[in-house]
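Beneath this line is the structure, given in structure tokens, with notes to follow.
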2 protein chains.
Amino acid sequence: MSHDAPTFSPLYRQIKALILQALEAGEWRPGQAIPSEQELAARFSVSQGTVRKAIDEMAADNLLVRKQGKGTYVASHNDPRALFRFLRLVPMDGNLSHPQSVPLDCWRAKAGQEASRMLGIEPGAPIIILRRLLRFGAKPVVIDEIYLPGDLFQGLNLEVLQDWSGSLYSLFETRFGMRMIRAQERIRAVAADRSAAEALKLAEGTPLLSVERVTYTYGDKPVEWRRGLYSTADHFYLNELN
Amino acid sequence: MSHDAPTFSPLYRQIKALILQALEAGEWRPGQAIPSEQELAARFSVSQGTVRKAIDEMAADNLLVRKQGKGTYVASHNDPRALFRFLRLVPMDGNLSHPQSVPLDCWRAKAGQEASRMLGIEPGAPIIILRRLLRFGAKPVVIDEIYLPGDLFQGLNLEVLQDWSGSLYSLFETRFGMRMIRAQERIRAVAADRSAAEALKLAEGTPLLSVERVTYTYGDKPVEWRRGLYSTADHFYLNELN
DNA sequence: AAGTGGTCTAGACCACGGT
DNA sequence: CCGTGGTCTAGACCACTTT
């Protein structure tokens, strides 16, 4: 009588782990092509079909992007298609203008109870706190407060943020080598406090979406905790259930 | 010089379409096993691998469920695991008790502007409107107003609802042959009006999540439109971003 | 023409569930 | 023991992109 955990791991998953390892080690950079399936098959001494199945899963995980006739590429947040992967906010009138990120503040602090729990770091460890506004056209729609582990984002400050024209995750990836892989959002309805009401130019007490997000990088390591307050007067949060 | 649409369709997708067709025609009922891969391969005169790829996609679409050593089954909302596929509400304290559905009202009406647009039916066509409360333990947490095409749910009334112990979609599937395949939710924050406040036992004006859902059956046909008001005092809407 | 990913096949063997 | 889905392989050919 044994309580063995299922110890069997198919070959293609082992290959997947190896490719993941290489990815994590930075052997190929975001946006670049990885070796062809044939090359990888030779490198790992397995058939092309086995490599293919490994890559299939990684493509489904949004870690790789297949392009027929060209090759397989490391997914990147610089890709404009990646923008709305994490931002599920859509204008009610259908006009989908690109949002504009406006950094407001950025300062250093020590992790409190909640931040340390969410980020999996010691209480008192250095963190960076960042406040920013998201505009769709002229309208302020989201006010975000973002908490980052200080050690992983050395040198991040307001000036760096203001100089960057792309998305935040694009910046994190390019400047700090931080790849955001997946996230979990907890959504609630709250009343706008004074500060949020001012930032979003709404009456105090207006109902807002409170979206708390924990974002993970390789190995399910949490590297960002943020709380966004969304004005849903002209936008809504869109979720597909499959 | 041609502007041909991509007309190429791989064999496994054609097989997928054929299986889907059989599924839609009710050749195999929800919860039942479909024929083995070998049998289907013989039936369609293709290799097992091609059938496998078709089934793989349908399993990813939550239309089929694979069970190693046993067979492949038609997905069913009677399966308890299917319950939280569409209900993304989670208690804040982690105690996940099963929600209890309490039907309040059920009446017949004619489709107005909005219902006709959402359900893809003629304005004035018969619809059924259904109000129900969702409880977690003793607490009322969600108040739903549900709009259904009248022709597809002949015989649905308050008594039928009260006699049913399972989920709504389970009832729809079992009693009306309606399989809910996918849904789209639009989430906003609103203030509780008098009626919602009463039902949820909250103060008027309390911020609530407004969750509008359109649910589709085979062929992307919309068959349900509902609006839920979620109290997020003790629960939150959980969304995984991959 | 050459190289990439995408499809299709056929056969062997493994893991799992029921008899 | 058998039947099911799951893995792995090897080879052929197709579709797409670039040279």
Side-chain angles (χ1 to χ4, degrees), chain A residues 1-19 22-23 28 31-76 79 81, chain B residues 1-19 22-23 28 31-76 79 81:
Chain A
M1 179 63 49
S2 69
H3 290 259
D4 288 353
T7 179
F8 171 70
S9 176
L11 190 47
Y12 74 86
R13 277 202 195 282
Q14 301 175 34
I15 302 304
K16 182 182 176 183
L18 289 173
I19 298 177
L23 219 52
W28 317 293
Q32 285 183 344
I34 70 173
S36 74
E37 294 179 354
Q38 290 290 3
E39 284 176 283
L40 290 171
R43 166 165 164 180
F44 299 125
S45 303
V46 298
S47 80
Q48 189 197 354
T50 301
V51 170
R52 164 166 286 274
K53 187 142 189 184
I55 292 180
D56 277 346
E57 284 204 357
M58 299 178 73
D61 294 342
N62 288 306
L63 293 170
L64 297 175
V65 178
R66 290 176 169 291
K67 297 185 185 176
Q68 183 174 151
K70 299 187 68 175
T72 302
Y73 294 76
V74 181
S76 168
D79 186 330
R81 292 175 294 118
Chain B
M1 175 65 48
S2 71
H3 289 259
D4 288 353
T7 179
F8 171 70
S9 177
L11 189 49
Y12 74 86
R13 277 202 194 281
Q14 301 175 35
I15 302 303
K16 182 181 176 183
L18 289 173
I19 298 177
L23 219 53
W28 317 294
Q32 286 185 342
I34 69 172
S36 75
E37 295 180 353
Q38 289 291 3
E39 285 176 284
L40 289 171
R43 167 164 163 181
F44 299 124
S45 304
V46 297
S47 81
Q48 189 197 355
T50 300
V51 170
R52 165 166 286 273
K53 188 143 189 183
I55 292 181
D56 277 345
E57 284 203 356
M58 298 178 74
D61 294 343
N62 288 304
L63 293 170
L64 297 175
V65 179
R66 291 177 168 289
K67 297 186 186 177
Q68 184 174 152
K70 298 186 69 176
T72 301
Y73 295 76
V74 181
S76 168
D79 186 331
R81 293 175 294 118

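- I15(B) places its CD1 atom 13 Å from the C1' atom of dT7(C), with the value rounded to the nearest Å.
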| said: The test is side chain to side chain contact (heavy atoms under 4.5 Å, CB included); show your working for I55(A) and L40(A) and say whether it passes. | reply: CA-CA 10 Å; I55(A) 292 180; L40(A) 290 171; 4.1 Å; yes

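- One atom, CD of E39(B), and another, P of dG3(D), lie 11 Å apart when rounded to the nearest Å.
- In this entry the distance linking CZ of R66(B) with P of dG17(C) reads 15 Å, nearest Å.
- For the pair K16(A) NZ and dT7(D) C1', the interatomic distance rounds to 15 Å; values are reported in whole Å.
- What separates CD of Q38(A) from C1' of dA12(D) is a distance of 13 Å, to the nearest Å.
- At least one side-chain heavy atom of I19(B) sits less than 4.5 Å from a side-chain heavy atom of W28(B).
- A sub-4.0 Å separation between OP1 or OP2 of dT7(D) and a side-chain N or O of K53(A) is present.
- Annotation: the span from S47(B) atom OG to K53(B) atom NZ amounts to 11.5 Å, rounded to 0.5 Å.
- Of all the heavy atoms in G31(B) and S76(B), the pair that sits closest is N-CB, 3.8 Å.
- Q14(A) places a side-chain N or O within 3.5 Å of a backbone atom of S9(A) that can act as its donor or acceptor partner.
- When every heavy atom of Y12(B) is checked against every heavy atom of A54(B), the shortest pair comes out as O-CB, 3.4 Å.
- Atom CD in Q68(A) sits about 14 Å away from atom P in dC14(D), given to the nearest Å.
- Rounding to whole angstrom units, CG of residue L64(A) and P of dG6(C) are separated by 11 Å.
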Identify all pairs in which a protein N or O lies below 3.5 Å from an N or O of nucleotides 8-10 of chain C, and state each distance.
| residue | atom | partner | partner atom | Å |
| --- | --- | --- | --- | --- |
| dC8(C) | OP1 | L11(B) | N | 2.1 |
| dC8(C) | OP2 | L11(B) | N | 3.3 |
| dC8(C) | OP2 | Y12(B) | N | 3.0 |
| dT9(C) | OP2 | S47(B) | N | 3.0 |
| dT9(C) | OP2 | S47(B) | OG | 3.0 |
| dT9(C) | OP2 | T50(B) | OG1 | 2.3 |

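- Residue contacts shown for E37(A) are limited to sugar-phosphate atoms, with no base heavy atom under 4.0 Å away.
- Straight-line distance from the CD1 atom of I55(B) to the C1' atom of dT4(D): 11 Å, rounded to whole Å.
- For dC16(D), neither phosphate oxygen OP1 nor OP2 lies less than 4.0 angstrom from any side-chain nitrogen or oxygen of K70(A).
- With dG18(C), dT7(D), dG6(C) as the choices, the nucleotide that has an atom nearest any side-chain atom of R52(B) turns out to be dT7(D).
- Taking every heavy atom of both residues into account, T50(B) and L11(B) meet most closely at CG2-CG, 4.1 Å.
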